[in-house]
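Here's the structure, in structure tokens; my notes come after.
All figures in this text were calculated on a predicted structure; none of them were measured in a lab. Counting from 1, the numbers follow the sequence of the chain as shown.
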Amino acid sequence: MLKYFCLCSLLLSFIGVADDKAAVYKVAIIDRFFPLSLSFDSEEEKAEKGWMYGLLDLDDDDQKEPIYHGDLIRLIAAHPGITFISYPILDGWNPMSAIRNNLKTILDRYPKQTLDALILSWESSTLISAFEKPLRRERAEHYKTIVKTMGERYPVWKTTHEIILMLEQLVEKGIRVYTIAGNGGRNMVNTFSFAKGVTTVGAKESELSHFVANNSFVDVYAQAAWQPVRVNDQQGRAIGYDLNGDSCVDIPLSKLTGHGLTGELTNRPWPMLKGSSFAAPAALKQALFSGLSLAECH
């Protein structure tokens, strides 16, 4: 009996040590997510919201899948070593105000609810010429002053300036904050990039240079174009779609509006996802797990 007890104690001790070594990061995402409450008044309203906020029609049934922008961000960033905390931008909310309010909630909850990282795949962009051309990183404080001045006339820029300051507060707490270059093209800048310590992510694909912004505030580049690919079972039957290229099912058939029953599912649905929104989660995942294999089904 004593030997059995000692063996169990040693085993539990070993498991505890192993768990301590396995890093699990807490990552917040502020975004628009498909509402899990399914609080739609009718199927017609659900379909209408799908066309407003959905980005994929994988089964080609003329209905967008119940997978919104934030859900895709989470799928691209997904890893066994990440726990996500979702801060939603709800239907009918002003996005910038919702981002500001969610950031306030995150700050109010800290340190009782700590975070390792935040993904903000949204932008508050304007022409670079509103500041100066070319942009210079060392002039970030001056650019923030301009945003603050713009906010004296326009509420959206007042909110933007408040968001910039909150992002800096998160960075000061040691939280990695990832935002996007923006999708306005060469002459635009996402003013969230002016926040000190924030990592701004652009597209590594040169063919997206006309679409994704690129300026001196872009820190890193990551994959911004993502092609869903059908995944089959051993009998060649479709079981879902892989989004992040690891050959694992990220979107099962049960998630599709037609549940995969509307006909032959295409191997590579079109259009594919494109934008710096999808580069930010990829860059964060690579930074958190640099040097480790990411091709692991979970």
Side-chain angles (χ1 to χ4, degrees), residues 22 24-25 27 29 31-34 36 50-51 53-84 86 117 119 121 178 180 183 201-208 211-212 220-298:
V24 177
Y25 296 98
V27 177
I29 303 176
D31 217 309
R32 198 183 299 280
F33 301 91
F34 183 77
L36 295 179
W51 278 107
Y53 304 127
L55 298 176
L56 296 172
D57 178 13
L58 298 173
D59 52 8
D60 197 27
D61 65 349
D62 292 326
Q63 292 189 62
K64 293 293 182 71
E65 315 306 346
I67 304 169
Y68 292 176
H69 190 266
D71 302 308
L72 293 168
I73 299 302
R74 187 163 48 202
L75 286 174
I76 292 172
H79 187 280
I82 293 180
T83 295
F84 293 106
S86 300
I119 302 173
S121 283
Y178 277 63
I180 63 175
N183 300 325
V201 186
K204 74 174 185 179
E205 298 91 343
S206 59
E207 58 269 31
L208 294 181
F211 172 49
V212 176
V220 297
Y221 300 87
Q223 182 177 342
W226 297 83
Q227 172 67 69
V229 177
R230 196 178 87 176
V231 180
N232 300 329
D233 62 15
Q234 293 182 344
Q235 287 72 44
R237 296 171 299 197
I239 56 176
Y241 281 92
D242 167 31
L243 178 64
N244 58 19
D246 61 2
S247 299
C248 304
V249 175
D250 298 311
I251 305 172
L253 297 188
S254 60
K255 282 282 189 181
L256 308 184
T257 52
H259 303 290
L261 303 175
T262 57
E264 182 67 19
L265 294 175
T266 182
N267 287 323
R268 300 171 71 85
W270 193 262
M272 62 193 301
L273 296 172
K274 297 178 183 178
S276 54
S277 290
F278 309 115
L284 174 61
K285 183 164 79 168
Q286 188 60 54
L288 292 179
F289 305 100
S290 179
L292 299 180
S293 173
L294 301 181
E296 179 182 352
C297 293
H298 53 277

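The closest side-chain donor-acceptor pair between S247 and D242, if any, does not fall under 3.5 angstrom.
The heavy-atom pair separating L75 from N244 by the smallest distance is O-ND2, 3.5 Å. The minimum heavy-atom distance between V201 and S276, with the atom names listed, is O-CB, 3.9 Å. Residues L56 and P228 approach most closely at CD2-CG, 4.2 Å, considering heavy atoms. In this structure, Y241 and T266 approach most closely via the heavy-atom pair OH-O, 2.7 Å. Scanning all heavy atoms of the two residues, the minimum distance from P66 to T257 falls at CD-CG2, 3.9 Å. Of all heavy-atom pairs between S277 and N183, the closest is OG-ND2, 4.3 Å.
In this structure, the side chain of Q227 engages the main chain of P269 through a donor-acceptor pair within 3.5 Å. Side chain of E205 to backbone of A224: a donor-acceptor contact under 3.5 angstrom is found. A donor-acceptor pair is defined here as one N or O able to donate and one able to accept, closer than 3.5 Å; no such pair exists between the side chain of D71 and the backbone of F33. K285 contributes no side-chain N or O that, together with a main-chain N or O of H79, makes up a donor-acceptor pair within less than 3.5 Å. Remark: side-chain polar atoms of E65 are paired, donor with acceptor, to backbone N or O of L58 under 3.5 angstrom.
Within the 4.5 Å cutoff, side-chain heavy atoms of I76 are placed close to those of L243. Between I82 and F289, some side-chain heavy-atom pair lies under the 4.5 Å cut-off. Proximity of F84 to I29: side-chain heavy atoms (C-beta onward) are separated by under 4.5 Å at one or more points.
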For a side chain to side chain donor-acceptor pair (under 3.5 Å) check, start with the C-alpha distance between H69 and S121, then their side-chain angles and the critical distance, and finish with the verdict.
CA-CA 9 Å; H69 190 266; S121 283; 5.8 Å; no
Intermediate values then yes/no, side-chain contact (heavy atoms from CB on, under 4.5 Å), L55 and L273
CA-CA 8 Å; L55 298 176; L273 296 172; 4.1 Å; yes
Is there a side-chain contact (heavy atoms from CB on, under 4.5 Å) between V27 and I119? Walk through the geometry before answering.
CA-CA 7 Å; V27 177; I119 302 173; 4.0 Å; yes
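Note that the CG atom of L208 and the OG atom of S206 stand 8.0 Å from one another [nearest 0.5 Å]. Residue L265 holds its CG atom at 6.0 Å from CG of L253, rounded to the nearest 0.5 Å.
Within the 6.0 Å centre-distance limit, the rings of Y68 and F34 are counted as a close aromatic pair.
Looking at residues two or more places apart in sequence or on another chain, you find a side-chain hydrogen bond (donor to acceptor under 3.5 Å, both in side chains) between S86 and R74. The salt bridge (charged side-chain N to carboxylate O under 4.0 Å, His left out) check on R230 picks up E264, with sequence neighbours excluded.
At most 12 heavy atoms of other shown residues, nucleotides or ligands fall within 6.0 angstrom of atom NZ in K274. With a 6.0 Å radius and a threshold of 12 heavy atoms from other residues, nucleotides or ligands, Q234 has its CD atom at or below the threshold.
Under a cutoff of 6.0 Å and an axis angle of 45°, R32 and Y53 form a cation-pi pair.
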